[in-house]
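First up is the structure itself, then whatever we jot down about it.
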Amino acid sequence: MLLALEIQSIVIFAVILVVAVFATWFAAVAYRKNVAEAKIGKAEDKAREIIDEALKNAEAKKREVLLEAKEDALKTKNDMEKEVKDRRSEVQRMEKRLLSREENLDKKTEAVEKKEANLSRKEQELEKLKREVSDLEAKRTQELERLSGLTSEQAKEYLLRTVEDEVKHETAVMIKELETRAKEEADKKAKEYVVTAIQKCAADQVSETTISLVQLPNDEMKGRIIGREGRNIRALETMTGVDLIIDDTPEAVILSSFDPIRREVARIALEKLILDGRIHPARIEEMVEKAQKEVEKIIREEGEAAILEVGVHGIHPELVRLLGKMKYRTSYGQNCLKHSIEVSLLSGLLAGELGLDVRLAKRAGLLHDIGKSLDHEMEGSHVSIGVDLCRKYKESAIVINAVESHHGDVEPQSLIACIVQAADTISAARPGARRETLETYTTRLKSLEDIANSFKGVDKTFAIQAGREIRVMVVPEQVSDSDMVLLARDISKQIEAELEYPGQIKVSVVRESRVTDYAK
């Protein structure tokens with residue numbers, strides 16, 4: 001019973017507590033609502049005050065903006081009126097100027113019309129005068145024909161023939177004077193440059209052959225070189241490609257070959273075998289290999305020595321090797337490497353005299369015959385091979401053109417190419433530099449005489465001074481003194497076009513008139 005009363009009292013207390021909580025919450029909500037409504041009322045009043053104040057400010061701003069706009073509009077209107085007034089004044093000035101120009105143009109038009117009228121009148125008068133002159137010319141021609149007994153065509157032909165002879169004579173005299181003057185000046189300058197270059201260049205004079213001589217310590221060594229049944233000499237000839245000539249020459253063996261490199265390898269190998277004393281096929285093979293390496297080393301050293309001697313740097317190593325290879329190559333008995341060094345030095349000296357690039361001229365001169373190092377191994381002329389090599393190893397266009405044009409295959413495109421041509425001719429033409437075969441010599445002389453004999457009026461020709469001069473005897477009745485100058489010029493031009501020769505050839509035309517009579 002007591003437990004039930006306690007539970008009932010707890011439930012009542014809980015209900016009262018809940019009611020109290022709800023009552024407190026409603027009271028709090030009502031209070032907050034009243035407070036919020038009061039704040040809202042105050043905020044609305046404040047907002048109305050702000051709005052009223054903003055309206056007043058907006059009205060004042062509106063009035064200010066309208067006032068400024070009116071002032072701007074007035075100012076713009078005044079500026080526009082001023083601009084319109086200025087433009088109107090400018091237009092009026094231009095109208096006055098145009099009117100003045102129109103008046104001047106009208107005056108000029110009238111003056112031109114008057115001049116045209118005067119020109120028309122003068123043209124008519126001129127036509128009338130031309131007709132009168134034509135009539136007078138016809139009468140004069142008729143009178144001249146009557147007095148001279150010749151027609152106008154006959155007189156014209158006689159006059160043209162007379163004038164042609166006079167002009168031909170004067171032309172020959174003028175050509176001779178101009179050629180003489182030009183040759184004197186050119187010879188003077190050329191001799192100065194060439195003599196200066198040659199004086200500064202001292203080159204060796206060599207004459208190469210196709211055989212080499214190896215000295216022996218005694219004649220017994222010949223038998224050891226031949227070997228049993230000739231096996232040693234056969235082995236040496238097979239490995240080197242050189243012919244060994246063992247004859248009655250005391251204490252000497254002759255090596256014969258058209259390839260100078262092979263001949264040098266054989267000479268070095270044979271000298272080493274003689275010093276060693278052991279001569280048999282195996283030893284021969286070993287010495288030949290050593291000699292080949294030694295010759296290859298010599299080739300490179302000679303190439304490097306050549307570029308150091310002329311002072312040219314930056315050449316591709318393969319070109320340097322090919323330069324050294326030219327030590328064992330000859331042309332008409334002249335060593336090609338010595339010739340290239342000489343041409344390089346001469347080119348540099350000539351370039352210095354003319355104020356050109358000395359190093360580039362030396363480089364072109366040194367490489368101008370580089371194709372000769374391979375022309376016996378490859379097809380084509382040494383010029384085309386040299387051009388291909390220079391292009392392959394990135395030489396400049398000036399050097400390539402100098403190589404390509406030094407024998408006249410193409411036109412030179414620079415002064416350096418012309419200098420290389422001149423230096424090549426100087427080196428090849430100097431006395432003792434090259435030797436010429438009898439067949440080539442006689443063919444050149446015959447070609448000179450054939451060219452001169454092909455001209456009309458030539459009686460006899462004589463090639464003298466080893467082909468450096470040709471004397472042409474002409475028929476005096478067919479060739480006059482004036483014609484001699486033209487004939488010598490034509491012969492020299494044809495020789496230049498058809499023949500290749502070092503230096504220059506002098507053409508001398510001789511005309512002799514003889515009168516014979518007998519006293520009885």
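Quick caveat, the model's predicted, so the values are computed rather than measured.
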Thr240 vs Leu270, side chain to side chain contact (heavy atoms under 4.5 Å, CB included): CA-CA, chis, key distance, verdict: CA-CA 10 Å; Thr240 60; Leu270 187 56; over 6 Å; no

Supply the atom-to-atom distance [X] [atom1] to [Y] [atom2], rounded to the nearest 0.5 angstrom.
{"X": "Ser414", "Y": "Ile398", "atom1": "OG", "atom2": "CD1", "result": "5.0 Å"}
{"X": "Ile470", "Y": "Ser492", "atom1": "CD1", "atom2": "OG", "result": "11.0 Å"}
{"X": "Arg262", "Y": "Asp243", "atom1": "CZ", "atom2": "CG", "result": "10.5 Å"}
{"X": "Ser454", "Y": "Ile491", "atom1": "OG", "atom2": "CD1", "result": "7.5 Å"}
{"X": "His316", "Y": "Cys390", "atom1": "NE2", "atom2": "SG", "result": "12.0 Å"}
{"X": "Ile385", "Y": "Lys392", "atom1": "CD1", "atom2": "NZ", "result": "12.5 Å"}

Under 3.5 Å, which donor-acceptor pairs do the side chains of residues 356-365 form with other protein atoms, sequence neighbours left out?
| unit_1 | atom_1 | unit_2 | atom_2 | d |
| --- | --- | --- | --- | --- |
| Asp357 | OD1 | Arg359 | N | 3.2 |
| Asp357 | OD1 | Leu360 | N | 3.3 |
| Lys362 | NZ | Val310 | O | 3.1 |
| Arg363 | NE | Glu395 | OE1 | 2.7 |
| Arg363 | NH1 | His313 | O | 2.9 |
| Arg363 | NH2 | Gly314 | O | 3.0 |
| Arg363 | NH2 | Glu395 | OE2 | 3.2 |

To check you understand the geometry: which heavy-atom pair defines the closest contact between [X] and [Y], and what is its length?
{"X": "Glu304", "Y": "Val320", "result": "N-CG1, 3.6 Å"}
{"X": "Asn401", "Y": "Gln413", "result": "OD1-N, 2.8 Å"}
{"X": "Lys372", "Y": "Arg329", "result": "O-NE, 3.1 Å"}
{"X": "Glu404", "Y": "Val387", "result": "CB-CG2, 3.6 Å"}
{"X": "Asp424", "Y": "His407", "result": "OD2-CE1, 3.7 Å"}
{"X": "Ala463", "Y": "Leu445", "result": "CB-CD2, 3.9 Å"}

Heavy-atom donor-acceptor pair, Arg511 side chain to Val479 backbone, under 3.5 Å: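 Yes: the side chain of Arg511 pairs with the backbone of Val479.
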
Residues [X] and [Y]: side-chain donor-acceptor under 3.5 angstrom:
{"X": "Ser508", "Y": "Glu469", "answer": "yes"}
{"X": "Asp483", "Y": "Ser480", "answer": "yes"}
{"X": "His339", "Y": "His368", "answer": "yes"}
{"X": "Asn453", "Y": "Thr461", "answer": "yes"}

Heavy-atom side-chain proximity of [X] to [Y] below 4.5 angstrom:
{"X": "Asp369", "Y": "Cys336", "answer": "no"}
{"X": "Lys130", "Y": "Leu126", "answer": "yes"}
{"X": "Glu116", "Y": "Val112", "answer": "yes"}
{"X": "Phe462", "Y": "Met473", "answer": "yes"}
{"X": "Ile370", "Y": "Met326", "answer": "yes"}
{"X": "Leu236", "Y": "Asn232", "answer": "no"}
{"X": "Leu244", "Y": "Leu255", "answer": "yes"}

If you look only at distance, which donor and acceptor atoms sit under 3.5 Å apart when one is on a side chain in residues 284-300 and the other is two or more places apart or in another chain?
| unit_1 | atom_1 | unit_2 | atom_2 | d |
| --- | --- | --- | --- | --- |
| Glu286 | OE1 | Arg283 | NH1 | 3.0 |
| Glu286 | OE2 | Arg283 | NH1 | 3.2 |
| Glu294 | OE1 | Lys272 | NZ | 3.3 |
| Glu296 | OE2 | Arg321 | NH1 | 3.4 |

Of Glu301, Glu264, Glu302, the residue whose pairing with Lys327 passes side-chain contact (heavy atoms from CB on, under 4.5 Å):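 Among Glu301, Glu264, Glu302, the one that satisfies the side-chain contact (heavy atoms from CB on, under 4.5 Å) with Lys327 is Glu302.
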
In this structure, which one of Leu345, Val420, Ile419, Ile416 forms a side-chain contact (heavy atoms from CB on, under 4.5 Å) with Leu350?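 Output: one option passes, namely Ile419.
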
ring-ring contact (aromatic ring centres under 6.0 Å, His included) with Phe455: which residues, sequence neighbours excluded?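 By the ring-ring contact (aromatic ring centres under 6.0 Å, His included) rule, Phe455 matches no residue at all.
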
Just wondering, are more than 12 heavy atoms of other shown residues or ligands nearer than 6.0 Å to CD in Glu229?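 Counting other residues, nucleotides and ligands, CD of Glu229 stays at 12 neighbours or fewer.
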
